[in-house]
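Below is one structure, written out as C-alpha cells; the observations come after it.
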Protein chains: 2
Amino acid sequence: MKYIEKLRNSGLRPTKQRLQICEVLFDTEKTFHFTINDLAKKIENQLNNKISLATIYNTVHAFEKKGYVKQIPINSSQTYFDTNISDHHHFYDLNERRLIDLENSDVGPIKILKKINGKKVKSIEVLVKIED
Amino acid sequence: MKYIEKLRNSGLRPTKQRLQICEVLFDTEKTFHFTINDLAKKIENQLNNKISLATIYNTVHAFEKKGYVKQIPINSSQTYFDTNISDHHHFYDLNERRLIDLENSDVGPIKILKKINGKKVKSIEVLVKIED
DNA sequence: CACTTTTTTAGAACCATTATAAAGTACATT
DNA sequence: AATGTACTTTATAATGGTTCTAAAAAAGTG
C-alpha cells in the first residue's frame, strides 16, 4: 500500500480507516473540494463501508495539519476542504454555491506592500465571487 | 437622526433597535471587525440596553444585504463582519486570531485571467495569513 | 382611531463540530 | 507469540453559533 509510508512518515499510524480515507481522497485523477459530510457519503458509496464521523473529522484535521489537504477560507455553514494542496485560489459561484479552482497562473502576481511587525506571511488566498 | 433616512431609503423601518445598532456600528471614527456576539456585548456596554440576539442577527443580515456591512470570508466558528465596506482585504493573524485591514492600495493590482462562461465577477477578496 | 404589515422577542430547534470515555488496534520489547 | 503501552476508533453526548417560531409590540396608513 502506497499510503502506509506516507502516514508513517508523518507520525500517523496507518490504520485501516486512515488508509481508506487516503484512497478516497487521493486515488483520483482530479483533485476536489469536499465537506466532512461529502466525504462520509463518498466513503459509504465508494468503499461500501462506514467510518465513524468522529474518525473522519479527526483524520481530515490530522491530514490538514500535515498539509495533505487544505481548508478553503469561505463563509459557509460547513467547512470546505481541498485535496489540491498547490498554491492556488478559488472562484465561488454565488448562484450555484460551488467552488472552482483558480490556478496561481490564472491570477497575476500578488504583491502585499504592507508589512506587519514581527509577523511573516504564511499564505495568500484569493476568493473571487462570481454570479450570473 | 441621521440614520432614519438611511434606513427608510433601503425599505427598512427605522425602529429603535435598528437605530441603536446603527449608532454602535457607524458612529465611530474607525471601522472595525465584529462577530454577532461582539456586537451584542458592545450594545450592552455602550448603550446600557439589551437587544434580543435574534434582532441583532436579523439586523446585521439586513444591513449586509443592503451593503452597509460586509461579511469577511474566513474559516472560524463565528461569522465575522466588517463596517469597512470599501474594496479591501485582510490579514489574519493566526497566533492572535485577529483580523487586520489591508487596504486595496497595499495590495498590487490583481488580474484574474481566467473567465467563467456567463458569470461576472462580483468581488475579489484576499486573505493573507500571518504568524510569528 | 382602526387596521394591516413589519418587527421584536424569548425560547426552542437545528446542526456542524468537538468532547468523552470505553473498547479496539498498532507496535516495540521481550 | 505474548505483554504492555500508547494511540485510535467509536457511539454518543455536549457545545455553541445560528435560525426558526409564534405571540406580543411597534410602525405605518387611511
Side-chain angles (χ1 to χ4, degrees), chain A residues 1 3-25 33-44 47 49-66 68-69 71-81 97 99, chain B residues 1 3-25 33-44 47 49-66 68-69 71-81 97 99:
Chain A
M1 272 296 232
Y3 297 116
I4 291 181
E5 198 138 342
K6 179 177 183 163
L7 289 172
R8 279 233 178 76
N9 289 341
S10 30
L12 298 170
R13 288 186 179 170
T15 63
K16 195 175 101 214
Q17 290 85 346
R18 284 176 180 159
L19 289 168
Q20 288 184 329
I21 292 175
C22 277
E23 267 185 64
V24 174
L25 289 180
H33 308 123
F34 65 96
T35 65
I36 296 293
N37 245 296
D38 293 341
L39 182 55
K41 274 189 208 138
K42 211 165 181 178
I43 290 165
E44 279 193 61
L47 304 177
N49 190 0
K50 203 172 159 297
I51 297 179
S52 158
L53 253 191
T55 301
I56 300 178
Y57 273 101
N58 288 339
T59 303
V60 170
H61 285 143
F63 285 6
E64 196 212 347
K65 204 165 284 175
K66 298 299 177 186
Y68 302 151
V69 299
Q71 237 186 286
I72 302 173
I74 189 177
N75 287 112
S76 167
S77 55
Q78 286 146 275
T79 303
Y80 275 85
F81 294 90
R97 284 211 211 72
L99 284 161
Chain B
M1 273 295 233
Y3 297 116
I4 291 181
E5 198 139 341
K6 178 177 185 164
L7 290 172
R8 279 234 177 76
N9 288 341
S10 29
L12 298 170
R13 288 186 180 170
T15 64
K16 195 177 97 208
Q17 290 84 347
R18 284 175 180 159
L19 289 168
Q20 288 184 328
I21 292 174
C22 276
E23 268 186 63
V24 173
L25 289 180
H33 309 123
F34 65 95
T35 65
I36 296 293
N37 245 295
D38 293 342
L39 182 54
K41 273 188 209 141
K42 212 166 178 175
I43 290 165
E44 279 193 61
L47 304 177
N49 191 0
K50 204 171 157 297
I51 297 178
S52 157
L53 253 192
T55 300
I56 300 178
Y57 272 100
N58 289 339
T59 303
V60 170
H61 285 142
F63 285 6
E64 195 211 348
K65 204 165 283 172
K66 298 300 178 185
Y68 302 151
V69 299
Q71 236 186 289
I72 303 173
I74 188 177
N75 287 113
S76 166
S77 56
Q78 288 146 275
T79 303
Y80 274 85
F81 295 90
R97 285 209 211 72
L99 284 161

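Note that the structure is predicted; figures quoted are calculated from it, not measured. First the proteins, then the strands, lettered A, B, ... as listed; each starts at 1.
Atom OH of B/Y68 sits about 3.0 Å away from atom OG of B/S10, to the nearest 0.5 Å.
The distance between atom CD1 of B/I56 and atom P of C/dT7, rounded to the nearest whole Å, is 17 Å. As rounded to whole Å, 16 Å separates atom P of C/dT7 from atom CD of B/Q20. For the pair A/L7 CG and C/dC27 C1', the interatomic distance rounds to 15 Å; values are reported in whole Å. The OH-P distance, from A/Y57 to D/dT12, rounds to 17 Å in whole Å. Rounded to an integer number of Å, the gap from NZ of A/K16 to P of C/dA26 is 9 Å. Rounded to an integer number of Å, the gap from CG of A/L53 to C1' of C/dA19 is 14 Å. The separation between A/I4 atom CD1 and C/dC27 atom P is 9 Å, rounded to whole Å. Nucleotide C/dA21 holds its C1' atom 14 Å from the CG atom of A/N58, rounded to whole Å.
For A/P14, taking side-chain heavy atoms from C-beta onward, the closest of the listed nucleotides C/dC27, D/dG28, D/dT9 is C/dC27. Counting only heavy atoms from C-beta on, A/Q78 has its side chain closest to C/dA16 among C/dT9, D/dT9, C/dA16. Checked against C/dT9, D/dT9, C/dT8, the side chain of B/T59 finds its nearest nucleotide in C/dT8. Distance from the side chain of A/K50 is smallest to D/dA11 among C/dT8, D/dA11, C/dT9.
Among the protein residues, B/T79 comes within range of the sugar-phosphate backbone only, with heavy atoms under 4.0 Å from sugar or phosphate atoms but none that close to a base. Using a 4.0 Å heavy-atom cutoff across all strands shown, B/T15 reaches sugar-phosphate atoms only and no base atom.
Look at B/R18 and you won't find any side-chain N or O under 4.0 angstrom from OP1 or OP2 of D/dA27. Contact annotation: B/Q17 does not reach the phosphate of D/dA25 (side-chain N/O to OP1 or OP2, under 4.0 Å).
For the pair A/I36 and A/T79, the minimum side-chain heavy-atom distance is 4.5 Å or more. Between A/H61 and A/F81, some side-chain heavy-atom pair lies under the 4.5 Å cut-off. A/Y3 places a side-chain heavy atom less than 4.5 Å from the side chain of A/K6.
Side chains of B/N49 and B/Q20: a donor on one and an acceptor on the other come within 3.5 Å.
Two residues, B/R8 and B/N37, neighbour DNA chain D, and the one matched to the more 5' nucleotide by heavy-atom proximity is B/N37. Residues B/T55 and B/R13 both approach DNA chain C. Their nearest nucleotides, taken by heavy-atom distance, put B/R13 toward the 5′ side. In terms of position on DNA chain D, the residue among A/L12 and B/H61 whose nearest nucleotide sits closer to the 5' end is A/L12.
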